[in-house]
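Just the heavy atoms: all of them, side chains too, but no hydrogens, waters or symmetry mates, feed the values below. Quick note on labels: first sequence line is chain A, next is B, and so on, each numbered from 1.
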2 protein chains.
Amino acid sequence: MARAGLSGARLAQAGAELADEVGFEQVTVSALARHFSVQVASLYSHVRNSDDLKARIATVALTELADQAAAALAGRAGRDALHALADVYRDYARTHPGRYTATRHTAAASVLGEQYVDAGRRHSELVRAVLRGYDLGEPAQTDAVRLLGSTIHGYITLELAGSFSHSEPSASDSWPRIIDALDTLLRSWS
Amino acid sequence: MARAGLSGARLAQAGAELADEVGFEQVTVSALARHFSVQVASLYSHVRNSDDLKARIATVALTELADQAAAALAGRAGRDALHALADVYRDYARTHPGRYTATRHTAAASVLGEQYVDAGRRHSELVRAVLRGYDLGEPAQTDAVRLLGSTIHGYITLELAGSFSHSEPSASDSWPRIIDALDTLLRSWS
DNA sequence: GTATTTGCCTAAAGCCTTTAGGCAAACTGG
DNA sequence: CCAGTTTGCCTAAAGGCTTTAGGCAAATAC
C-alpha cells in the first residue's frame, strides 16, 4: 500500500485550502482524510485532535498574513502605510475567507500557542510601526492600535458576512474613505 | 407521562440562556433536550433542525439588543447618544456573550429571515438616528454607519476573544476614549 | 364523553471524533 | 544488501450529535 506522505504541516496546509473552499467551520478531520484518500484514524498520528488541526490552520493563516503585511509595509509610511496595511488584511480575507476566519479562532490557540502567539505579536508590531508615522504617546498609542484593529477586523467581518451587500455604495467604495477618516483621526489625536 | 411544555419560543429562549453558559457554538439540539429532560427527537416537532434553532436564538438576541438600544437612546443626542449606543452593545456582549455571538450568526439567517431581518433593520435605523446629530449627507452617512458598526463590533469581538487582556490599559479604559475619538471624527467628517 | 389534535416517545440510520492495536513500508547501520 | 527499527497507515470499535419515521397518550374541542 503506497503511503500518502502525510505530516502535520501538510495537513495544516491542505486544511487551510479546504477552509477557503468550504468554510473554516466545515473543516473536519474526516473531510481532510477524504481529501487524502486515507482512513480517518491515520490523521491522528499527525494531529492530536480536531482542535489541534484547527489551531495549526489558524497558525498557518496568521503567519501568512503577517508575511504579506510586512512585505506591503516595506518602504511606506504615514497614510500610505495605513492604506497598504488595511488593504492587505481586506484582500487576504476576500481571497482566503476560510483562512481569515481561522486567524480569529482563538479557542484553538490554547491548544497550540507558541507560533500562533508569535505571529500575533508580529501583527501588533506591524500596526505599531504604521503608527510611528503619527507621533502618539501612551496610552494613546495602545488606544490607536485597538481602534485600528477593531475597525479593520470589524469591517472585514461584516463585509464577509454580507452586511454591506444590500446597500449603496459598494463595500469597496466605503473602504478607502473609512481608512482615510482613520488617518485624519490619528493625525489629530489629542 | 407529563409533558414538558415545549414550544419554538421556549426552545429559543432556553437556547439563548444555554449559549451564554456554554458558548453559542456548543448549543446543540441534544444539549437542549437534556436541559428539558426530554428525548432529542421531541425537539424536532418545534424546530426544523439545528440551523433553525440557531437562527431562532439569533433572532431572540438581535431583537433583545435592539430593544435595549432603543431604550438607551431615548432622550439622548450627539456624543451622549453615541456613547449610550456603544455601551449598550458592549455591555450586552459582556453580560450575554453567547447571545451576542448568536446575533452575528448570519449563516442561520437564510433559514429563518423575516424577524431577524426586521431586527437588523431596527439596528441600522438606531445608528442612523444617532448620526442625525452629526449632519452628514450621502454617501458620508452610509460610510459612517459602516464605520461605527465595524469599530463597535470589532472592538467587542476582539475584547471577547481576550485580545486586549494581556496589555495595559484595560479594555474598559480604552473604550470611552475610542468612542470619543469617533465622535470627534464624525463632527469633522468632510 | 367521544373525537381529534398535539406532544413526546422508541427505533434506527448516518456522519464525526477518538482510541487501541496491528501489519507493512521505509529508513538505518553493518 | 539485508537484518532491525521506526514510522505510517490500516481495521475495529465505542460514543456523541442529527435527523427521519412511526406510535401511543395527553390535552383540547365539540
Open item on the list: One pair to check against side chain to side chain donor-acceptor pair (under 3.5 Å): A:T63 and A:R122. What are the steps and the verdict?
Closed with: CA-CA 9 Å; A:T63 303; A:R122 285 180 65 202; 5.5 Å; no
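Phosphate contact (OP1/OP2 of C:dC16, side-chain N/O of A:R34, threshold under 4.0 Å): present. Neither OP1 nor OP2 of D:dG8 sits under 4.0 Å from any side-chain N or O of A:S45. Between B:H46 and C:dC8, a side-chain N or O to OP1/OP2 separation shorter than 4.0 Å is present.
Taking a 6.0 Å sphere around CG of A:D135, one finds it holds 12 or fewer heavy atoms contributed by other residues, nucleotides or ligands.
Atom pair B:F36:CZ and C:dC9:C1' shows a separation of 17 Å (rounding to whole Å applied). The CG atom of B:L53 sits 14 Å away from the P atom of D:dC17 (whole-angstrom rounding). For the pair B:L43 CG and C:dT6 P, the computed distance is 19 Å after rounding to whole Å.
Classified by interplanar angle (parallel below 30°, tilted 30° to 60°, perpendicular above 60°), the ring pair A:H153/A:Y100 is tilted.
In this structure, the side chain of B:D20 engages the main chain of B:R99 through a donor-acceptor pair within 3.5 Å.
Annotation: cation-pi pair A:R146/B:Y155 absent, no NZ/CZ under 6.0 Å from the ring centroid and within 45° of its normal.
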N/O contacts under 3.5 Å, protein versus nucleotides 18-21 of chain D?
{"unit_1": "D:dT18", "atom_1": "OP2", "unit_2": "B:V29", "atom_2": "N", "d": "3.2"}
{"unit_1": "D:dT18", "atom_1": "OP2", "unit_2": "B:S30", "atom_2": "N", "d": "2.9"}
{"unit_1": "D:dT18", "atom_1": "OP2", "unit_2": "B:S30", "atom_2": "OG", "d": "3.1"}
{"unit_1": "D:dT19", "atom_1": "OP2", "unit_2": "B:Y44", "atom_2": "OH", "d": "3.0"}
{"unit_1": "D:dT19", "atom_1": "OP2", "unit_2": "B:S50", "atom_2": "N", "d": "2.6"}

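Taking 4.0 Å as the cut-off between side-chain N and carboxylate O, A:R56 and A:E114 do not count as a salt-bridged pair.
Residue B:Q39 places its side chain closer to C:dC9 than to any other of C:dC9, C:dC16, D:dC9.
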